Amino acid sequence: MILLTRVDHRLLHGQVAFSWTQNLGADCILIANNDVPNNEIRKTTIKLAKPQGVKLVIKTIDDAIEALKSGVTDKYKLFIVVESIADAHKLAEAYPAIKQVNLGGIKSKEGTRSLGKAVNVFPEEEELLKKMVDLGVYVEIRQVPSDKKVEVTEVL
């Protein structure tokens, strides 16, 4: 069962690892990212942030979609973390069981617009967010579980 899919440019770090995992009651974290599986430094850093007693799986986006569709993840209370809105959109489009996406941290770059605390998007990412909403995905902005939820449709 997928509890939440989160977009965070830092992927797994203290905030995600502890506050979100505990709040959700997740027993497995899936990092879906095309760089991390082949980047030993990033992989090691992510493994260090993993909470004790929680399974950590690191897969490419396509392998994550394949795993979700195969049913191998069904036995877990799954928390999916991706690095970008594009990755979240690809997952949600390929796997309709993803019903909720949390935007937690997307760093500011030239050409981005702030949608809320620590969430900055390019115009093409705004379009992807609208497409996810059209797919029936609830998209919210919240850094930590105790923050007030802001529906993305309120700020687009």
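All values derive from a computational prediction rather than experimental measurement.
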Check whether any side-chain heavy atom of [X] sits under 4.5 Å from a side-chain heavy atom of [Y], and report yes or no.
X: Val57; Y: Cys28; value: yes
X: Trp20; Y: Val81; value: no
X: Ile2; Y: Leu68; value: yes
X: Glu83; Y: Val36; value: no
X: Asn102; Y: Gln100; value: no

Say you draw a straight line from [atom1] of [X] to [atom2] of [Y]; how long is it, rounded to the nearest 0.5 Å?
X: Ile61; Y: Asn33; atom1: CD1; atom2: CG; result: 6.5 Å
X: Asp8; Y: His13; atom1: CG; atom2: NE2; result: 3.5 Å
X: Asp147; Y: Glu140; atom1: CG; atom2: CD; result: 9.5 Å

Path from [X] to [Y] over hydrophobic side-chain contacts below 4.5 Å:
X: Phe18; Y: Ile29; value: no
X: Ile31; Y: Val7; value: no
X: Leu4; Y: Val119; value: no

| task | Assess whether atom NZ of Lys130 is packed by more than 12 heavy atoms of other residues, nucleotides or ligands within 6.0 Å. | result |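 Buried by this count: over 12 neighbours within 6.0 Å.
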
| message | Looking at Ile41, I'd like to know if its CD1 atom is crowded, meaning that more than 12 non-hydrogen atoms belonging to other residues, nucleotides or ligands lie closer than 6.0 Å. | response |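 Open: at most 12 neighbouring heavy atoms sit under 6.0 Å from CD1 of Ile41.
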
Donor-acceptor contacts under 3.5 Å from residues 149-156 side chains, at least two apart:
none

| message | Under a 4.0 Å threshold between the charged nitrogen and the carboxylate oxygen, would Glu93 count as salt-bridged to Lys90? | response |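 A salt bridge is absent here (no side-chain N lies under 4.0 Å from a carboxylate O).
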
| Hey, is the main chain of Ile106 close enough, under 3.5 Å, to the side chain of Asn120 for a donor-acceptor pair? |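 Between the backbone of Ile106 and the side chain of Asn120 there is a qualifying donor-acceptor contact (under 3.5 Å).
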
| field | N/O donor-acceptor pair under 3.5 Å between Lys59 side chain and Ala32 backbone | value |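 Here the side-chain-to-backbone pair does not exist.
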
